[in-house]
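These notes are about the structure you will find just below.
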Amino acid sequence: ARDGVRVLGWVKQVGDVVTVVIKYANTGTKAATDIVISDSLSGRLEYVPGSAQTDRPSNFSSSENEAGSLALRWELPGTLVRRWASSPPV
């Protein structure tokens with residue numbers, strides 16, 4: 001991409017909005033508690049303030065990272081039960 005950046009096969013220009021979806025699941029054998037999810041943006045990306053969303057209550061924060069962009073962090077209080085890929089064992 002001559003003047004743009006290739007993101008997942010698409011060419012994005014400066015000023016274009018890129019939506020990032022982070023999926024998570026508890027694939028362990030026990031419930032997980034007080035989970036923290038973090039993502040560090042590359043220096044070519046900029047976080048749009050107020051755009052972070054989750055499917056459950058969370059505490060969101062951001063801080064500068066080594067690339068001169070932001071590290072995004074979601075703290076998910078409470079318990080995330082194991083999600084079975086098929087029927088749970090009997």
Side-chain angles (χ1 to χ4, degrees):
R2 188 161 191 246
D3 296 316
V5 175
R6 187 168 296 280
V7 179
L8 298 175
W10 298 90
V11 176
K12 295 294 182 180
Q13 303 298 323
V14 172
D16 285 354
V17 174
V18 176
T19 300
V20 177
V21 177
I22 300 172
K23 293 185 177 189
Y24 62 92
N26 178 1
T27 59
T29 58
K30 298 179 181 178
T33 58
D34 300 325
I35 299 161
V36 174
I37 297 173
S38 62
D39 185 33
S40 191
L41 299 179
S42 76
R44 296 184 285 181
L45 294 176
E46 180 180 321
Y47 170 68
V48 176
S51 65
Q53 299 178 13
T54 64
D55 64 345
R56 59 187 295 156
S58 68
N59 299 312
F60 173 77
S61 62
S62 62
S63 59
E64 191 169 320
N65 66 17
E66 304 81 28
S69 189
L70 290 178
L72 310 177
R73 178 182 170 102
W74 293 264
E75 296 176 5
L76 307 173
T79 301
L80 182 63
V81 296
R82 179 167 180 349
R83 186 171 153 195
W84 298 98
S86 58
S87 300
V90 215

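Quick caveat, the model's predicted, so the values are computed rather than measured. When reading the values below, keep in mind they use all heavy atoms of this one structure, side chains included, and skip hydrogens, waters and symmetry mates.
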Separation between CG (D34) and OG1 (T79), nearest 0.5 Å, reads 7.5 Å
Shortest non-hydrogen pair, N26 vs G28, comes out as OD1-N, 2.9 Å
**Item:** Within one Ile-Leu-Val-Met-Phe-Trp-Tyr cluster: F60 and I22, side-chain cutoff 4.5 Å
**Value:** yes
Using a 3.5 Å cut-off and no angle test, enumerate the donor-acceptor pairs between side-chain atoms of residues 63-75 and protein atoms at least two apart in sequence or in another chain.
unit_1, atom_1, unit_2, atom_2, d
N65, OD1, A67, N, 3.0
N65, OD1, G68, N, 3.2
N65, OD1, S69, N, 2.8
N65, ND2, S40, OG, 2.8
N65, ND2, L41, O, 2.8
N65, ND2, L70, O, 3.2
S69, OG, S42, O, 3.2
S69, OG, L45, O, 2.8
R73, NE, E75, OE2, 3.2
R73, NH2, E75, OE2, 3.4

Could you please spell out the steps behind the side chain to side chain contact (heavy atoms under 4.5 Å, CB included) verdict for D39 and I37?
CA-CA 7 Å; D39 185 33; I37 297 173; over 6 Å; no
- [ ] Using the side chain to side chain contact (heavy atoms under 4.5 Å, CB included) rule, take Y24 and D55 through it: C-alpha gap first, then chi angles, then the decisive distance, then the call.
- [x] CA-CA 11 Å; Y24 62 92; D55 64 345; 2.7 Å; yes
